[in-house]
Amino acid sequence: MPYLNSKKNKEVNILLNFALLGCGKIAQRHSNLLGNNEISGAKLAAVCDAKIENAEIISKKFNVPCFSNMEKMMETCKIDVVVILTPSGLHAEHTIRLAKFGCDILVEKPMALTLSDADLMIEACDREGVKLFVVKQNRFNVPVVALRQALEDGRFGKLIMGTTRVRWCRHQAYYDQDSWRGTWAFDGGVLANQASHHIDLLEWMMGGVESVSAKSINALANIEAEDTAIALLKFKNGALGVIEATTAVRPKDLEGSLSILGEKGSVEIGGFAANELKTWNFSEDKEVDEKIFQNAYENPNHKYGYAHKKYYDHVVDCINGQSPQLVDGLQGRRSLELINTIYRSIETNSEINISHQSGSSKLGKI
């Protein structure tokens, strides 16, 4: 596993300058890690937001320059990596414009809302010779790492079923904070936003998807897109999958879970963000199993989990040539293709073959 085999060279002392583009809620997590020097080899060098007052809050907290224009920031400051934290519908435009400055780019999930935009992002970064990272921090959760290793070791045998459940609480006030939330053009619903990490984990574990059949509703939220959805998947290896996602849980969050079932074993990861190992059963026991179960409990006490730090450490290692890249643009595109196929199934009320779908969904359209 690439991120397990990273060989940190302690002689390397390259300090990378990171800039944040977009200073909304998720920027608090990113700025705290970079601004508090929690990431070895990285520092927060600048912040930018179209609403300068948002950027000023982080600027004052960490004593870094702030901007309302990203080109001005890039021309003024020495920046090695830009972290794009703007609304999802703007990720492609911002990535393409920033790639011209020769900086590596880290973009929050989902990398884009349409496959055509994702392709343009990948092409722009390839053309300029810069790395494109897509934030999938849950791949670095301790129980997720253990699960992936068990899969690669063949401990499950034939895969039977994979299930992910995102049962979270988002009141109307959450959507009303910003005009783009829950819109087709800039955000999407629970599938594209809140559940995208878990959908990525499911496909990463189970392999490529052959077909999708899905339904959605607006249960409680007054938004354009859905707040509740289910999808049935058929994987190319013959296994089945289930995605259950909602932000209509009340009065508080329940879970963000993942379970994998095979002919020789079963693993269930629960907690808020797939951080808590609940079941680890295999027909053939190994000495390491007891240790895995003891060490893989790290249920987070905040909504972003613990693994952003591990993800940033991985990014720094990749840029310094000490680790292969785990989630590049092509990897980020895979889960986006699945999400778009789910939306197509909902809109057409039919089963969609992921490799033969025609047209596109409403996601990312104005």
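By convention here, the first residue in the shown sequence is residue 1. Heavy atoms only: backbone and side chains are in, while hydrogens, waters and symmetry mates are out.
Each of His30, Gln137, Glu38 was checked for a side-chain hydrogen bond (donor to acceptor under 3.5 Å, both in side chains) with Tyr312, and the lone residue meeting it is His30. Screening Arg139, Arg334, Lys109, Arg333 for a salt bridge (Lys or Arg N to Asp or Glu O under 4.0 Å) involving Asp200 leaves a single residue, Arg139.
In this structure, Glu255 pairs ionically with Arg165, as a charged nitrogen and a carboxylate oxygen lie closer than 4.0 Å. Of the charged side-chain nitrogens involved, none lies within less than 4.0 Å of a carboxylate oxygen, so that Arg127 and Glu123 do not count as a salt-bridged pair. Salt-bridge formation is detected for the pair Arg181/Asp178: a Lys NZ or Arg NE/NH1/NH2 atom is positioned less than 4.0 Å from an Asp or Glu carboxylate oxygen.
For Glu284, the CD atom sits in a loose shell: 12 or fewer heavy atoms of surrounding residues, nucleotides or ligands are nearer than 6.0 Å. Crowding of Glu351 atom CD: a count of heavy atoms from other residues, nucleotides or ligands under 6.0 Å exceeding 12. Crowding of Asp153 atom CG: a count of heavy atoms from other residues, nucleotides or ligands under 6.0 Å exceeding 12.
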*asked:* Run the side chain to side chain contact (heavy atoms under 4.5 Å, CB included) test on Phe101 and Glu75 for me, step by step, so that the C-alpha distance in whole Å, both residues' side-chain angles and the decisive distance to 0.1 Å come before the verdict.
replied: CA-CA 9 Å; Phe101 290 91; Glu75 292 166 357; 4.2 Å; yes

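For the pair Leu34 and Lys43, the minimum side-chain heavy-atom distance is 4.5 Å or more.
Phe133 and Tyr311 have their aromatic ring centers separated by at least 6.0 angstrom.
With hydrogens and angles left out, the side-chain atoms of Asn340 and Ser361 include a donor and acceptor closer than 3.5 Å.
Counting all heavy atoms, side chain and backbone alike, Ser350 lies closest to Ser345 at O-OG, 2.6 Å.
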